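Here the structure is laid out as structure tokens; the discussion comes afterwards.
Everything quoted here is computed from the prediction, not taken from an experiment.
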Amino acid sequence: MVAAGAVNGREGWSSKTAFVLAAIGSAVGLGNLWRFPTEAGENGGGAFVLVYIACVILICLPVLLAETLIGRYGQDSPTLSARKLAVDSGASPLWEGVAGVGILTATIVAGFYCVVGGWVLYYVGVFAVDSVSSGVTGGALQGMDVDAVSALFPSLLESPSLVVGLQLLFVVVTAFFTYRGVSKGIELMAVYLMPVFFFLLIAITVYGMFSGAFGDAVAYLFTFEPEKIDGTVVLAALGQAFFSLSLGMAGMMTYGSYVGRDVNLAGTSGVIAAADTGVALLAGLCIFPIVFAAGIAAGAGPGLMFQAIPVAFQSIPGGSLVGLLFFLMVTVAALTSSVALFEVPTAWAMEKFHVSRPKAALSMIALIGALGVFAGLSFNALAEFHPLDFIPIFTGMGMFDILDTLTTKLMIPIGAILVCVLVGWVASDRLVDAENGLSGWLHRFWRLLIRYLSPLALVLILIYGLFA
Ligand code: PHE
């Protein structure tokens, strides 16, 4: 059955707003809430933030537009859309490989993303139990000292059954929305949950304004010290921006394929990029006041969300309830992103093997679930299993780190470079028309960026990722 918002005989978004909300849901995720503050913390605060914003506008936004344009051009699975664009431009159908790389990347990222999603669920549980048992007025986790709260995270990681059980729970919940489909699953979820997410983010930020070290957080994120900018900061910002905007993973191609021909994609890309960047900044303003108020350093690393934040909630009034709301907010963001990640291989499998959506969704549980089990076990049962030690960039890494490094350092830049070449050079001006929002100077500017600046920057990330 084809739904009301049908696009090219397939299911599609029921409105432009639905598309924009779903795409924002895809972009806003653990990348904004977990990675952005961590990266900013480790790379000099304000300097990182400024470089990040420049990267989003000049390098990522053109690619975001290119990906949605490819999807909408074909209104089919990512591979068929890329192939159609190439063939119509007189090039080889093998250009569908552009999407192929992205589909593989999305599947792998989904594998380890759901492991982190499971960790988030663990803290929802911890704070939910705590809110009920200790009342919501005091600090959280009463009766535990700081070390015991910090130790919750390593002890979670040490438990194979907890890590894998929660990861699989996250996979199944995600697949449920995939199974429900574009308009009745992904779209409904985005339309209801994204407003809840924004409400929680703003409410917790306002809370931090009054009870946390808000001034310190603002100074940290927005004091610009140019001398702190170096190659490492620029490349960290660029890599983070690509991940956060869901680029190089055929995700925006897939979501773009469900969009009607009447939507101005240049306009919607701008809205999506602005919302994603706004959320990353707000996440910094939400997290750092709470962290600083508890006397924790900004560069606490990946443990920032799972160790520093729980410790911080312990010492503040109402901590157990705010902690619960905080981790519910993170759950919403992670879920709308993992649904996007699942949709990429799902759309491909449905078209490639002519299987129904429920069957494709079930296969994703098996495939992505299995990948995630390996990733999750690398913190405990398989901690000593370093299968790629003979390859320098993977030396000493377990499965989780291998999948993360392989995708963020290699596959995402490669996928995105291919998108730039396909759209900027192979298809040349085929995707440009006023309906897409591309005419006059904007078109010329975009063409300059997608042909030269974006691919060049991506090649640099790739080289740096391989050799630095
Ligand atoms: N952008 C998401 C995040 O920041 C991750 C993601 C990548 C989601 C690709 C979908 C597709 O968490």
Side-chain angles (χ1 to χ4, degrees), residues 5 12-37 52-53 55-57 60-69 71-72 106 109-110 113 117 120 174 177-178 182-205 240-260 263-286 328-344 437:
W13 310 115
S14 60
S15 66
K16 178 174 139 182
T17 313
F19 161 61
V20 173
L21 279 175
I24 293 175
S26 155
V28 169
L30 295 166
N32 305 59
L33 302 174
W34 180 46
R35 277 176 95 128
F36 180 84
Y52 180 85
I53 294 174
C55 289
V56 167
I57 299 173
C60 298
L61 189 53
V63 181
L64 172 60
L65 174 57
E67 283 203 18
T68 45
L69 283 174
R72 208 258 300 270
V109 171
Y113 204 86
V120 177
T174 306
F177 290 97
T178 313
V182 180
S183 57
K184 292 204 206 79
I186 306 175
E187 171 177 328
L188 266 190
M189 170 191 207
V191 168
Y192 285 106
L193 290 186
M194 286 318 286
V196 173
F197 169 82
F198 279 107
F199 173 78
L200 287 175
L201 180 63
I202 291 170
I204 300 172
T205 310
Q240 167 61 18
F242 269 93
F243 185 84
S244 187
L245 284 170
S246 306
L247 299 176
M249 290 177 248
M252 291 297 176
M253 254 181 241
T254 307
Y255 274 21
S257 77
Y258 302 129
V259 178
V263 173
N264 170 334
L265 289 177
T268 52
S269 298
V271 173
I272 295 162
D276 186 64
T277 308
V279 169
L281 294 175
L282 261 181
L285 288 178
C286 172
L328 280 176
M329 166 184 87
V330 184
T331 306
V332 170
L335 205 56
T336 52
S337 293
S338 67
V339 162
L341 287 164
F342 274 52
E343 183 60 16
V344 177

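- Shortest non-hydrogen contact noted between Tyr113 and Leu30 is OH-N, 2.9 Å.
- A distance-only check finds no donor-acceptor pair linking the side chain of Arg72 to the backbone of Tyr258 [under 3.5 Å].
- What you find for Leu245 and Cys60 is that their closest heavy atoms are CD1-CB, 3.5 Å.
- Two residues are said to be in side-chain contact when any heavy atoms from C-beta on lie closer than 4.5 Å; Asp276 and Ile24 fail this criterion.
- Side-chain contact between Leu188 and Tyr192 is present, with at least one heavy-atom pair separated by less than 4.5 Å.
- The minimum heavy-atom distance between Asn32 and Ala280, with the atom names listed, is ND2-N, 3.8 Å.
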Query raised in the report: side chain to side chain contact (heavy atoms under 4.5 Å, CB included) between Thr336 and Val28: does it pass, once the steps are laid out?
Result: CA-CA 8 Å; Thr336 52; Val28 169; 5.9 Å; no
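- By the 4.5 Å heavy-atom criterion applied to side chains, Tyr255 and Phe19 are counted as neighbours.
- When all heavy atoms of Leu247 and Val63 are compared, the pair lying nearest together is CD1-CB, 4.2 Å.
- Between Trp13 and Val263 there is no side-chain heavy-atom pair separated by less than 4.5 Å.
- Contact record, Leu61 with Ile57: CB-O, 3.6 Å, taken as the closest heavy-atom pair.
- Listed by chain and number, the residues in a side-chain hydrogen bond (donor to acceptor under 3.5 Å, both in side chains) with Thr178 amount to none (sequence neighbours excluded).
- The heavy-atom pair separating Ala23 from Ile272 by the smallest distance is CB-CD1, 3.4 Å.
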Query raised in the report: Taking it one step at a time, do Thr268 and Thr68 satisfy side chain to side chain contact (heavy atoms under 4.5 Å, CB included)?
Result: CA-CA 10 Å; Thr268 52; Thr68 45; 5.9 Å; no
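- Here the side chains of Tyr52 and Thr277 are in contact, with some heavy-atom distance below 4.5 Å.
- For the pair Leu201 and Cys286, the minimum side-chain heavy-atom distance is below 4.5 Å.
- Val182 is listed as a side-chain neighbour of Glu343, based on a closest heavy-atom distance under 4.5 Å.
- In this structure, Phe243 has no ring pair (Phe, Tyr, Trp, His ring centres under 6.0 Å) partners at least two apart in sequence or on a different chain.
- Checking side-chain atoms of Gln240 against main-chain N and O of Gly31 turns up a donor-acceptor pair under 3.5 Å.
- Residue pairs that meet the side chain to side chain donor-acceptor pair (under 3.5 Å) test with at least one member in residues 15-29, sequence neighbours left out, are Ser26-Ser246.
- Between the Glu187 side chain and the Ala22 main chain, no donor and acceptor come within less than 3.5 Å of each other.
- Put simply, the side chain of Val279 reaches to within 4.5 Å of the side chain of Phe197, judged on heavy atoms.
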